[in-house]
Amino acid sequence: MAPQAHHDLMVDTTHDEHALQSYVSNLRMYILNEIGGGLSSVYEGRVKPAFEKRVGHAPKDEHDVRHAMMADPYCRTWSSMMRSCQEMIWDSIIPSIERAQPDLNMRATQLAEQPKGSMTLDPNVKIPRYVSASDIHLMPGNYHSERGANDVSQGALYDRGVYVYAAGNGGPYGDSIGRSLAQHLKIRFPDFQPEKILDVGCTVGHNVMPFVDVYPDSNVHAIDVSAPVIRYAHGRAESFGKPMHLHQMNGERMTFEDESFDLVMSVVTFHETSRTAMRNIIAECRRVLKPGGLMIHMELPRTAEMDPFDAFYIDWDSYYNNEPFYQAFTSTDLKAAYVDAGFKEEHYMEVMTPDIYAAPFDTFEAAASGPETKAERYGRLGESIHWTGWGAWKEG
């Protein structure tokens, strides 16, 4: 696992804690890639033929595949190992966070005293049930739990947890999706120079910080409903010298004025909200977007466009990794949702970009500057790393 970029809110680990985190990270990658890599052969070799023999036709969708695969011992073993490994990630990190908590909160408070950016907390923000009722991806306490005054421990837990989960493949700053999106937009739309940018559902700011680099003259804002992650995001940004304006705010009911931003974006936010909330957020994004501005949301690929086996693989988290809204998102027709919110159908667009850390830059640049991107340019699921996004320009 490559080193994570250091900042003033990073929690120091003992030798044994770091070794355990590295072990769990590598174990997850082995289970995901080596053992999980055998799922397709199991499906094609015995699960699909048995299904066809029993039912008289091939599996029609991910639900057919899931029921058939989860009856197979190979898949059940893989699934159990993946679930256990996700729990082990958090267990490997929590002791260092608990030990550092008082000092960590003090450091965050100090970073907030003379900021280059700003932080606005609102104690009247009510945590939505889709956040409060579930520990998303099994993270204890989810994003919002507080264990003391000025607490940032959930931010610290998430920051390290994402890094261990991805084995550092998201880059030293954990910003691979956001940086890929920012660079993609810069290349594809060279005349688009947003003065004000908003990230909706920023957590600790991993994926909005690249926009400070790519659009250095812009005024970057980010919101989240949870105070601990906003405090952490603010301290982290200040430590890196990347000033942003952080707000505790619900994306369904933003307090920004109409037509305030040139670019409104999010990264892997919608799949952790309810279907109703997602539609409310889209409507609010349009409201605060200036005429001629762009709204774009990077997310999981839609399963309706996938082979049933790939769709099953994507939706595994819905059932076994505490991602209860995964499937609500992956089955949503976003183009229809955008049109319902008031965007013109002809202004809708889809983006598929290679990962900026995984692809050679000339490959990345060609994808961003070429014709409309399509999934088949980058191969079937699992053959390459790429990110998907859905956007719309607001009529000017």
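Ion pairing between a basic and an acidic side chain is recognised when a charged N comes within 4.0 Å of a carboxylate O; Glu17 and Arg99 show such pairing. Salt bridge present: Asp103 and Arg107 bring a charged side-chain N and a carboxylate O closer than 4.0 Å. Using a 4.0 Å cut-off between charged nitrogen and carboxylate oxygen, Arg302 and Asp333 do not count as a salt-bridge pair. Checked for salt-bridge contact, Arg253 and Glu284 miss the test: no charged N lies under 4.0 Å from a carboxylate O. The existence of a salt bridge linking Arg286 and Glu395 is excluded, since no basic side-chain nitrogen approaches an acidic carboxylate oxygen closer than 4.0 Å. With respect to the salt-bridge test (charged N to carboxylate O, under 4.0 angstrom), the residues Asp262 and Lys196 do not qualify. Contact check on Asp175 versus Arg179 returns a salt bridge, with a Lys/Arg side-chain nitrogen under 4.0 Å from an Asp/Glu carboxylate oxygen. Looking at Asp151 and Arg231, no side-chain N of the basic residue comes within less than 4.0 Å of a carboxylate O on the acidic one, giving no salt bridge.
Gln154 contributes no side-chain N or O that, together with a main-chain N or O of Val229, makes up a donor-acceptor pair within less than 3.5 Å. A donor-acceptor distance shorter than 3.5 angstrom exists from the side chain of Asp224 to the backbone of Thr203, with no hydrogens or angles considered. Of the possible donor and acceptor atoms, none in the side chain of Tyr143 sits under 3.5 Å from a partner among the backbone N and O of Val225. Of the possible donor and acceptor atoms, one in the side chain of Glu299 sits under 3.5 Å from a partner among the backbone N and O of His271. Without hydrogens or angle criteria, Arg188 side chain to Ser369 main chain gives no donor-acceptor distance under 3.5 Å. Panel note: side chain Asp355, backbone Ala358; a donor-acceptor pair is recorded below 3.5 Å. Between the side chain of Asp310 and the backbone N or O of Met306, no donor-acceptor pair lies under 3.5 Å. Without hydrogens or angle criteria, Asn26 side chain to Ser22 main chain gives a donor-acceptor distance under 3.5 Å. The backbone N or O of Met254 lies less than 3.5 Å from a partner atom in the side chain of Arg287, making a donor-acceptor pair. The backbone N or O of Gln327 sits less than 3.5 Å from a side-chain atom of Ser331, completing a donor-acceptor pair.
His18 places none of its side-chain heavy atoms less than 4.5 Å from the side chain of Ser96. The side-chain heavy atoms of Met81 and Thr77, taken from C-beta on, include a pair separated by under 4.5 Å. Side-chain contact between Val267 and Trp387 is absent, with no heavy-atom pair separated by less than 4.5 Å. For the pair Lys394/His347, no side-chain contact is recorded, criterion being any heavy-atom separation below 4.5 Å from C-beta on. Counting only heavy atoms from C-beta outward, the side chains of Arg236 and Met209 approach each other to under 4.5 Å. With a 4.5 Å cut-off on side-chain heavy atoms, Thr330 and Pro301 do not count as touching. Within the 4.5 Å cutoff, the side chain of Gln248 has no heavy atoms near those of the Ile223 side chain. Residues Asn142 and Ser134 fail the side-chain proximity criterion, which asks for heavy atoms closer than 4.5 Å.
No single ILVMFWY cluster, assembled from side-chain heavy atoms under 4.5 Å apart, contains both Ile281 and Val125. Residues Ile187 and Met352 fall into different hydrophobic clusters, defined by Ile, Leu, Val, Met, Phe, Trp and Tyr side chains chained together at heavy-atom separations under 4.5 Å. Connection of Trp90 to Tyr163 is established within a shared hydrophobic cluster, with ILVMFWY side chains joined at heavy-atom distances below 4.5 Å, either directly or through further cluster members. There is a path of hydrophobic side-chain contacts, each under 4.5 Å, that joins Val200 to Phe256. No chain of hydrophobic side-chain contacts below 4.5 Å, direct or via other Ile, Leu, Val, Met, Phe, Trp or Tyr residues, connects Leu121 to Met106.
Side-chain N/O atoms of Asp315 and Tyr326 include no donor and acceptor closer than 3.5 Å. Donor-acceptor pairing under 3.5 Å is lacking for the side chains of Asp199 and His221.
Taking each heavy atom of Leu111 and His234 in turn, the nearest pair found is O-CE1, 4.1 Å. Nearest heavy-atom pair across Asn105 and Ser153 is OD1-N, 4.2 Å. Of all the heavy atoms in Pro194 and Tyr215, the pair that sits closest is CD-CE2, 3.5 Å. The two residues Ile197 and Ser218 have their closest heavy-atom pair at CD1-OG, 3.6 Å. Taking every heavy atom of both residues into account, Gly178 and Phe211 meet most closely at O-CE1, 3.7 Å. Annotation for Gly141 and Ser145: closest pair O-OG, 2.7 Å, computed over non-hydrogen atoms.
When each of Phe192, Tyr338, Tyr348 is paired with Trp393, the ring-ring contact (aromatic ring centres under 6.0 Å, His included) condition holds for Phe192 and for no other. Looking at Tyr43, Trp316, Phe51 one by one, the single match for ring-ring contact (aromatic ring centres under 6.0 Å, His included) with Phe309 turns out to be Tyr43.
Put simply, CG on Asp340 and CG on Leu334 are 11.0 Å apart, with the number rounded to the nearest 0.5 Å. Rounding to the nearest 0.5 Å places CH2 of Trp390 at 10.5 Å from OG1 of Thr332. The distance from atom OG of Ser266 to atom CD1 of Ile177, rounded to the nearest 0.5 Å, is 10.5 Å. Rounding to the nearest 0.5 angstrom, the gap separating the SG atom in Cys75 from the OH atom in Tyr313 is 10.5 Å. Note that CD of Glu323 and CG of Asn321 are 6.0 Å apart. Values are rounded to the nearest 0.5 Å. For the atom pair Leu198 CG and Ser260 OG, the distance stands at 9.0 Å (nearest 0.5 Å).
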**Study point:** Worked check of side chain to side chain contact (heavy atoms under 4.5 Å, CB included) between Thr388 and Met298
**Key:** CA-CA 6 Å; Thr388 51; Met298 301 298 283; 5.9 Å; no
Review point. What do the steps show when you test Lys290 against Phe261 for side chain to side chain contact (heavy atoms under 4.5 Å, CB included), and what is the final call?
Key: CA-CA 6 Å; Lys290 293 179 182 179; Phe261 296 94; 5.8 Å; no
Practice item. Determine, step by step, whether Gln110 and Asp8 satisfy the side-chain hydrogen bond (donor to acceptor under 3.5 Å, both in side chains) criterion, reporting the C-alpha distance in whole Å, the side-chain angles of both residues, the deciding distance to 0.1 Å, and the verdict. Key: CA-CA 10 Å; Gln110 291 172 345; Asp8 291 341; over 6 Å; no
Point to revise | Residue pair His247, Asp122: steps toward the side-chain hydrogen bond (donor to acceptor under 3.5 Å, both in side chains) verdict | key: CA-CA 8 Å; His247 311 260; Asp122 184 355; over 6 Å; no
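For the pair Arg275 and Phe325, the cation-pi test (distance below 6.0 Å, angle within 45°) is failed. A cation-pi contact, defined as under 6.0 Å to the ring centre and within 45° of the axis, links Arg66 to Tyr319.
Ring orientation note: the planes of His297 and Phe270 are tilted relative to one another, at an angle of 30° to 60°.
By the neighbour-count criterion of 12 heavy atoms within 6.0 Å, atom NE2 of His57 is densely surrounded, having more than that number from other residues, nucleotides or ligands. Other residues, nucleotides and ligands place no more than 12 heavy atoms under 6.0 Å from the CZ atom of Arg76. The local environment of CD in Glu346 is crowded, with over 12 non-hydrogen atoms from other residues, nucleotides or ligands closer than 6.0 Å.
Here the two rings, on Tyr173 and His206, have centers that are 6.0 Å apart or farther.
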